[in-house]
Amino acid sequence: MKISELAARTGVATRMLRYYEEQGLITPHRLANGYRDYDSYLVDRVTKIRGLVDSGVPTRIIGDILPCLNQSQEIIVRDPDPELRMMLINQRDAMVERIASLEQNRDALTRYIAAMDQALQPTP
DNA sequence: CTTCTGACA
DNA sequence: TGTCAGGA
């Protein structure tokens with residue numbers, strides 16, 4: 001598929017798809033006319049990459065972390081950098097906080113929706 | 001009309 | 001990350 005299609009199917013801007021390629025995260029083939037040609041499995045890969053990026057994981061190590069998403073425990077750490085380790089720990093902790101916040105907000109919406117249903121369909 | 005590379009008031 | 005240029 002061409003870049004526009006991958007962008008549509010992943011919700012990731014073509015600009016970023018080319019950027020991910022520069023970072024070595026994805027390597028599409030090339031069509032005779034020079035256009036990038038993406039294999040369908042890249043849709044899933046790009047979705048995962050975006051998820052990591054949105055979570056604040058530096059693109060430089062996303063390639064190494066990607067396998068962690070599955071359960072293929074064959075994790076190869078190429079950059080044991082202590083500073084990077086601390087940054088990842090901080091991001092992981094921030095993630096935990098956001099998840100907790102999201103859960104509270106989700107529950108708040110659930111209760112509000114329930115209240116709306118009550119107003120619409122009062123129990124006789 | 002779509003994509004490509006390179007660049008940045 | 002968006003967007004514009006200048007080509008193909």
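Just so it is clear: chains get the letters A, B, ... in the order the sequence lines come, proteins before strands, and each one is counted from 1.
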Checklist entry - Does B:dC1 pair with anything, Watson-Crick or G-U wobble, both distances under 3.5 Å, and if so, with which nucleotide? => result none
Item to check | Partner nucleotide of B:dA9 by Watson-Crick or wobble geometry (both distances under 3.5 Å) | outcome: none
Output yes when [X] and [Y] qualify as a salt bridge under the 4.0 Å nitrogen-oxygen rule, no when they do not.
| X | Y | answer |
| --- | --- | --- |
| A:Glu22 | A:Arg18 | no |
| A:Asp44 | A:Lys48 | yes |
| A:Arg30 | A:Glu21 | yes |

Rounded to whole angstrom units, what separation is found between the [atom1] atom of [X] and the [atom2] atom of [N]?
| X | N | atom1 | atom2 | value |
| --- | --- | --- | --- | --- |
| A:His29 | B:dT3 | NE2 | P | 18 Å |
| A:Met16 | B:dT3 | CE | P | 16 Å |
| A:Ile3 | B:dC1 | CD1 | P | 18 Å |
| A:Glu5 | B:dT2 | CD | P | 14 Å |
| A:Arg30 | B:dT3 | CZ | P | 13 Å |
| A:Asp37 | B:dT2 | CG | P | 18 Å |
| A:Glu21 | B:dT3 | CD | P | 14 Å |
| A:Arg15 | B:dC8 | CZ | P | 13 Å |

Checklist entry - Does any N or O donor sit under 3.5 Å from an N or O acceptor when you compare the side chain of A:Tyr35 with the base of B:dT2? => result yes
Item to check | Among B:dC4, B:dT2, C:dG2, the one nearest A:Arg18 by side-chain distance | outcome: B:dC4
Item to check | A:Ser101 side chain vs A:Glu97 backbone, donor-acceptor pair below 3.5 Å | outcome: no
Checklist entry - OP1 or OP2 of B:dT3 sitting under 4.0 Å from any side-chain N/O of A:Ser4? => result yes
